[in-house]
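Working notes, beginning with the structure itself.
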Amino acid sequence: MLETNMTFRQFLLHDYRHEGLEKDLVFLLEDIATACAIISNHVRDGAFKGNLGVAGSTNVQGEDQKQLDVIADEEFIRHCSNCSRVAALVSEEVDEVHWLKKETKAGDYIVYFDPLDGSSNLDVNLSVGSIFSIVQIAEPIDTSTDASVLIKGSEQICAGYSVYGPSTSLVITTGHGVNGFTHQQGTGEFRLTFKDMTIPETTKEFAINASRYRLWEEPIRAYFDECLAGVEGPRASNTNMRWTASMVADIHRILTRGGVFLYPQDEGNRATGGKLRLMYEANPMGFIVEQAGGSASTGTQRILDVTPTSHHQRVPVIMGSKDEVARIDAFHTKS
Ligand code: AFP
């Protein structure tokens with residue numbers, strides 16, 4: 001039985017005994033939790049240490065890297081490297097795949113991560129977070145090519161994220177539902193505070209950057225217009241909009257009280273396929289959302305079924321309450 005307030009280690013040992021979680025995965029997840037706790041401290045102390053500004057470099061996405069992006073990336077690499085079963089690391093901040101093994105074995109792990117998502121929120125003291133995804137390889141892979149890490153999201157064995165907000169939370173799935181932990185000051189432990197997180201099937205809340213309305217395709221405009229029409233429109237009910245510009249914070253709200261999150265492909269980002277990254281944003285969040293009873297779609301396809309073509313690939317993202325995602329998918333089918 002999962003007991004409220006149990007520590008993250010107790011939770012992992014429960015999964016180890018009852019759900020067959022591998023011992024090495026227990027150690028890896030403990031290390032990732034430690035990395036998140038350390039990053040959370042860096043974020044909290046960023047202003048004192050002068051770490052909030054731009055590092056003076058750009059990442060593979062052509063985005064300015066904050067000093068904390070770089071620090072968070074180093075923490076993830078350092079902690080994930082402790083596990084001898086990790087074959088490769090794929091980070092938002094690094095162009096190439098970071099291979100830890102020359103020769104892999106069936107059962108080895110690949111870890112994909114966005115070490116500091118929403119980092120443009122750092123300067124204004126709003127929530128940011130880290131996202132990670134773990135895939136287990138079925139057969140040895142060729143480590144001489146980065147194409148070997150292009151594995152579908154449906155192969156994930158674990159995904160999680162940490163939000164650095166008013167408190168630091170860690171939300172995780174190992175394929176048996178979703179559980180949320182809060183970092184306790186004093187003991188330094190992550191403790192189970194949100195047991196078996198479930199997304200309500202229906203919602204009246206949506207999250208989208210509406211400043212891009214003129215760039216959207218017809219299905220997204222049609223959905224947005226009907227939300228705005230409220231009780232007088234086809235939905236015959238009023239809706240509410242939220243947008244934090246930090247995917248971790250928006251998805252965390254949806255896991256807590258329902259809603260739908262959209263970052264569609266539009267005229268401004270069509271050339272790159274969308275804004276959000278498949279392997280370390282859309283896939284892990286999609287796995288978590290599905291495990292919580294929601295859906296995750298590109299508008300035309302389940303996100304976890306997208307065949308990756310590049311490890312920094314971008315995709316359109318629509319995820320959250322099941323009925324709402326189905327409604328948006330239907331607009332795409334109609335168009
Ligand atoms: P940053 O990490 O560059 O701040 O981007 C955050 C993000 O990838 C995702 O977390 C947000 O949902 C989205 O971009 C916000 O994008 P807009 O700035 O276009 O609203």
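Side-chain atoms are counted along with the backbone in the values below, which use heavy atoms only and exclude waters and symmetry mates. Start at 1 and go down the list; that is how both ligands and their atoms are numbered.
When hydrogens are left out, the protein atom nearest atom 17 (P) of ligand 1 is Asn209 ND2, 3.6 Å; that is the closest non-hydrogen contact. Closest to atom 9 (C) of ligand 1, if we only count protein heavy atoms, is Met247 N, 3.6 Å. The protein atom (non-hydrogen) at minimum distance from atom 2 (O) of ligand 1 is Gly118 N, 2.9 Å. Looking only at heavy atoms of the protein, atom 19 (O) of ligand 1 is closest to Tyr263 OH, 2.6 Å. Protein heavy atom in closest approach to atom 18 (O) of ligand 1: Lys275 NZ, 4.0 Å. Scanning all protein heavy atoms for the shortest distance to atom 4 (O) of ligand 1 gives Ser120 OG, 2.7 Å.
Heavy atoms of Arg212 come nearer than 4.0 angstrom to ligand 1 in no pair at all.
Criterion: ILVMFWY side-chain heavy atoms under 4.5 Å apart, direct or through other members. Under it, Tyr263 and Met285 are part of a common hydrophobic cluster.
Using bins of under 30°, 30° to 60° and over 60° for the plane-to-plane angle, the ring pair Trp243/Phe261 lands in the parallel bin. Under the 30°/60° scheme for interplanar angles, the aromatic rings of Phe8 and Phe11 are found to lie parallel.
Side-chain polar atoms of Asp250 and Thr244 form a donor-acceptor pair below 3.5 angstrom.
The pair Arg270-Glu217 meets the salt-bridge criterion, since a charged nitrogen lies less than 4.0 angstrom from a carboxylate oxygen. Salt bridge Glu324/Arg235: present, at least one basic N to carboxylate O contact under 4.0 Å.
Listed by number with element, the atoms of ligand 1 under 4.0 angstrom from any heavy atom of Trp243 are 12 (O), 15 (C), 20 (O).
Here the closest non-hydrogen pair linking Glu93 and Pro115 is CG-CG, 3.7 Å.
Counting heavy atoms closer than 4.0 Å to ligand 1, residue Val248 contributes nothing at all.
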